[in-house]
Amino acid sequence: MAELLKGKPVVADMKEELSKKIEEFKSRGINPKLGVIRVGARPDDLYYEGSIKKTCGGIGLEFEVFEFPEDVKQEDFEKSLKDIVNSKDIHGILMFAPLPKHLDEPKIRALIPVEKDVDCLTIGSAGKVFADDPTGFPPCTPTACMEIINHYGIDLQGKHAVVLGRSLVVGKPMAVLLLRENATVTICHSRTKDLPEVCKEADILVAAVGQPRMVNADYVKEGQVVIDVGINEDPDNPGKFCGDVDTQSVEPLVDKLAPSPGGVGGVTTVVLAKHVVKACEMQTT
Ligand code: NAP
């Protein structure tokens with residue numbers, strides 16, 4: 001049976017360190033603060049907002065939600081957003097995406113200053129991440145995968161990592177972060193041939209496809225480390241979530257498994273807080 005790489009101990013360690021740092025800032029009269037921008041009230045945005053609130057509350061990180069109606073006009077939204085993102089009191093910005101279709105999302109994203117872009121929403125941040133510039137924040141989810149990998153002491157040097165998925169928010173930056181640690185990386189997607197065979201060649205397999213339980217026993221082999229990034233509505237249990245990995249069939253085979261739920265998801269919001277604290281550090285020193 002695989003060792004389960006659970007998110008909880010990772011979260012506990014990160015929170016302890018962050019609480020201390022935030023305390024230090026406050027003793028110097030600085031209040032690290034996250035601004036969250038939400039247009040409308042999509043249930044998944046509200047769910048994520050709830051977890052952010054809980055995480056921030058637990059470590060003393062200030063947090064404010066700026067809510068806009070679903071039918072907000074482009075000009076009005078741009079005007080308000082400029083005021084929010086340029087406020088000296090706010091060190092990090094998270095904007096829920098996608099925005100409603102009538103808004104020009106690329107134009108709006110570009111208004112977020114790169115130094116406050118704590119979840120890699122701008123092309124400027126993505127450029128920094130791909131150029132290995134440490135002042136650019138990678139998206140929180142692949143960073144959470146790296147926190148898990150580091151916490152559990154998984155060696156990536158010279159290992160073959162296979163990333164399943166090539167989105168800008170998970171797959172591509174995940175590959176860059178693995179490459180930084182000297183893994184040899186293969187990125188797979190919906191047109192990849194012989195997908196199960198390619199996945200079987202991995203030492204580390206990261207599943208980020210958005211397909212409930214797609215990665216089953218046919219995709220894995222003994223000795224592997226598998227990280228499940230997927231958060232999907234469970235087709236067999238309405239109202240519940242499941243990952244991209246079929247835990248029941250994979251767990252008996254592989255060496256280590258970060259399960260979903262219970263793995264990456266919980267670490268993501270703490271990474272967001274960590275990025276805000278780092279952004280605050282960069283903006284105040
Ligand atoms: P996405 O934008 O839909 O991208 C999915 C990727 O998987 C695409 O590159 C797609 O290939 C590939 N893919 C889809 N079906 C495939 C198949 N049958 N075979 C091979 N490749 C396939 O999704 P995402 O935003 O990256 O998210 C991926 C998963 O992570 C989702 O379950 C999402 O809910 C979860 N997620 C979790 C967190 C967290 O905090 N833990 C955060 C964000 C996302 P093509 O490019 O060829 O279409």
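Just so you know, residue 1 is the first one in the sequence shown, and it goes up from there. Counting starts at 1 for both ligands and their atoms, in listed order. Every heavy atom of this structure was used, including side-chain atoms; hydrogens, water molecules and symmetry mates were not.
Of all atoms in ligand 1, listed by their number and element, those nearer than 4.0 Å to a heavy atom of G165 are 6 (C), 7 (O), 9 (O). Residue contact check: V169 has heavy atoms under 4.0 Å from atoms 25 (O) of ligand 1. Residue Q211 has at least one heavy-atom neighbour below 4.0 Å for each of these atoms of ligand 1: 14 (C), 15 (N). When each atom of ligand 1 is checked for a heavy atom of V229 under 4.0 Å away, the hits are 30 (O), 35 (C), 36 (N), 37 (C), 41 (N). In summary, the atoms of ligand 1 found under 4.0 Å from a heavy atom of T141, numbered by their order in the structure, are 38 (C), 39 (C), 40 (O), 41 (N), 42 (C), 43 (C). Interface of D244 with ligand 1, defined as ligand atoms under 4.0 Å from a residue heavy atom, comprises 29 (C), 32 (O).
With a 4.0 Å cut-off on non-hydrogen atoms, T268 touches ligand 1 through its side chain and not its backbone. Using a 4.0 Å cut-off between heavy atoms, H189 contacts ligand 1 through both its backbone and its side chain. Contacts between N232 and ligand 1, counted as non-hydrogen atom pairs separated by less than 4.0 Å, involve the side chain only.
D244 places a side-chain N or O within 3.5 Å of a backbone atom of Q211 that can act as its donor or acceptor partner. A distance-only check finds no donor-acceptor pair linking the side chain of H91 to the backbone of C280 [under 3.5 Å].
Of all non-hydrogen atoms in D89 and K33, the two that sit nearest each other are O-CB, 3.2 Å.
When only non-hydrogen protein atoms are considered, atom 31 (C) of ligand 1 lies nearest to G210 CA, 3.5 Å. From the protein, the heavy atom lying nearest to atom 17 (C) of ligand 1 is M214 SD, 3.8 Å. Protein heavy atom closest to atom 34 (O) of ligand 1, with residue, atom name and distance, is I231 O, 2.9 Å. Of the protein's heavy atoms, R166 N, 3.9 Å lies nearest to atom 8 (C) of ligand 1. Counting only heavy atoms of the protein, atom 4 (O) of ligand 1 lies nearest to S167 CB, 3.8 Å. The nearest protein atom to atom 44 (C) of ligand 1, hydrogens excluded, is given as V170 CG2, 4.0 Å; this is a heavy-atom distance.
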* Derivation and outcome, side-chain hydrogen bond (donor to acceptor under 3.5 Å, both in side chains), residues T122 and D117 -> CA-CA 7 Å; T122 64; D117 184 13; 2.7 Å; yes

* What do the steps show when you test E181 against K159 for salt bridge (charged side-chain N to carboxylate O under 4.0 Å, His left out), and what is the final call? -> CA-CA 10 Å; E181 300 302 320; K159 298 286 168 61; over 6 Å; no

* To do: In sequence, state the C-alpha distance, the side-chain angles, and the governing distance for K274 and E147, and then conclude on salt bridge (charged side-chain N to carboxylate O under 4.0 Å, His left out).
  => CA-CA 11 Å; K274 188 173 173 175; E147 291 282 356; 2.7 Å; yes

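The pair D45-R42 meets the salt-bridge criterion, since a charged nitrogen lies less than 4.0 angstrom from a carboxylate oxygen. A salt bridge links D236 with R213; the closest basic N to acidic carboxylate O contact falls under 4.0 Å. Taking 4.0 Å as the cut-off between side-chain N and carboxylate O, K20 and E24 do not count as a salt-bridged pair.
Counting protein heavy atoms under 4.0 angstrom from atom 15 (N) of ligand 1 gives one or more.
Remark: of the listed residues I187, V209, V206, V209 is the sole one forming a side chain to side chain contact (heavy atoms under 4.5 Å, CB included) with L164.
Using 4.0 Å as the threshold, A208 has a heavy atom nearer than that to some atom of ligand 1.
Taking only non-hydrogen atoms, the option from L164, V209, L168 nearest to atom 22 (C) of ligand 1 is V209. For atom 11 (O) of ligand 1, the nearest non-hydrogen atom from the set S190, C140, G265, S260 belongs to S190.
At least one side-chain heavy atom of K6 sits less than 4.5 Å from a side-chain heavy atom of Y152.
Remark: E17 CD is loosely packed, at most 12 non-hydrogen atoms of other residues, nucleotides or ligands lying under 6.0 Å away. Counted within 6.0 Å of CD1 on I123, heavy atoms from surrounding residues, nucleotides or ligands total 12 or fewer; the atom is thus considered open.
When only interatomic distances are considered, the shortest N/O to N/O separation between L195 and ligand 1 does not fall below 3.5 Å. Taking distance alone, with nitrogen or oxygen atoms compared against 3.5 Å, R191 stays at or beyond that limit from ligand 1.
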